[in-house]
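One is the number of the first residue; the rest follow in order along the sequence.
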Amino acid sequence: SLQAKGLRKQFNKLFIFREGKNYYAAQALDGLKNQIRTITGNPLLLLWAAYKKNGKVTSILENKYVPYIVKRAFREDMFDEDAGIRTMSTSSENYISGQNSYHNGSFWPKLNGMSHEGLVNVGFFHEANALKSATLKPIFYFGSPIELYVKKDNGEYDIYKNSLGQESCRVQAWSAASALDLLTYKDIQIKL
């Protein structure tokens, strides 16, 4: 529809930014509508929230930006082959490496599960398989569908725990759904 095309154009105008020769999506807009250019895992969700018709996928992202978004999400500061895609880049000034990292560098099976589906939607099967493997490893390690987790500097997994003692939920429904989805989702190729 005309309204959907207008929304897509406006979204890309407001949220997509250039980083060298590459493009990525801003985390948000501040109160003055300026882009917050923190690199997070959230842009991959734009590939999950896609419309499929006649074997073609349309998301709010213009197709020309999709390879850039995928490539950026799989750089070393975002992707860990034993944990998945982080909520925030390790190079961000807001990144927190410790056990109290909630959305500032931790790993969420829900984000990774939805991102996996998005990657399959747009035909990035190699990346989807790498993300699937990385996301399932910590779930097997904890022996449960944990809500979120962190990876310590020594490479070991740890639960999220804030300064007040609140911890990540050990059995989280959306993580359970993500794990089941990762184990059963059929990698059907759909053209962009």
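- Side-chain contact check for Ile146 versus Tyr141: every heavy-atom pair is 4.5 Å or farther apart.
- The residues Glu127 and Arg75 are annotated as not salt-bridged, no charged nitrogen and carboxylate oxygen being separated by less than 4.0 angstrom.
- Minimum interatomic distance between Asn94 and Asn104 (heavy atoms only, all atoms of both residues): O-ND2, 2.9 Å.
- Here Lys53 pairs with nothing under the salt bridge (charged side-chain N to carboxylate O under 4.0 Å, His left out) rule; sequence neighbours left out.
- Using a distance-only test at 3.5 Å, with no hydrogens or angles considered, a donor-acceptor pair links the side chain of Arg18 to the main chain of Gly20.
- The heavy-atom pair separating Ser115 from Leu44 by the smallest distance is OG-CB, 3.4 Å.
- Here Arg37 pairs with Gln35 under the side chain to side chain donor-acceptor pair (under 3.5 Å) rule; sequence neighbours left out.
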Check: Can you check salt bridge (charged side-chain N to carboxylate O under 4.0 Å, His left out) on Arg72 and Glu19, steps first, answer last?
Finding: CA-CA 10 Å; Arg72 181 64 185 91; Glu19 183 184 61; 3.4 Å; yes

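- Salt-bridge annotation for Glu147 and Lys110: absent, with no side-chain N of the basic residue lying under 4.0 Å from a carboxylate O of the acidic one.
- In this structure, the side chain of Lys161 does not engage the main chain of Gln166 through any donor-acceptor pair within 3.5 Å.
- Under a 4.0 Å N-O distance rule, the pair Asp158/Lys151 does not qualify as a salt bridge.
- Between Tyr102 and Trp108, the distance from one ring center to the other falls under 6.0 angstrom.
- Checked against a 6.0 Å centroid threshold, the rings of Trp48 and His116 do not count as neighbours.
- For the 3.5 Å distance criterion, the side chains of Ser91 and Ser89 qualify, holding a donor opposite an acceptor.
- The main-chain N or O of Ala50 is never found under 3.5 Å from a side-chain atom of Ser59 such that the two would form a donor-acceptor pair.
- With salt bridges taken as basic N to acidic carboxylate O contacts below 4.0 Å, none links Asp80 and Lys137.
- Side chain of Asn12 to main chain of Ile60: a donor-acceptor pair is present (N/O by atom type, distance under 3.5 Å, no hydrogens or angles).
- The main-chain N or O of Leu148 is found under 3.5 Å from a side-chain atom of Ser168 such that the two form a donor-acceptor pair.
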Next item on the list: Begin with the C-alpha distance, continue with both residues' side-chain angles, and end with the deciding distance and a verdict on ring-ring contact (aromatic ring centres under 6.0 Å, His included) for Tyr24 and Tyr68.
Entry: CA-CA 7 Å; Tyr24 206 64; Tyr68 293 106; over 10 Å; no

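- Here the side chains of Asn34 and Leu29 are not in contact, with every heavy-atom distance at 4.5 Å or above.
- Under the rule for a ring pair (Phe, Tyr, Trp, His ring centres under 6.0 Å), Phe142 has no partner lying at least two apart in sequence or in another chain.
- No hydrogens or angles considered: nothing links the side chains of Asn22 and Lys71 as a donor-acceptor pair under 3.5 Å.
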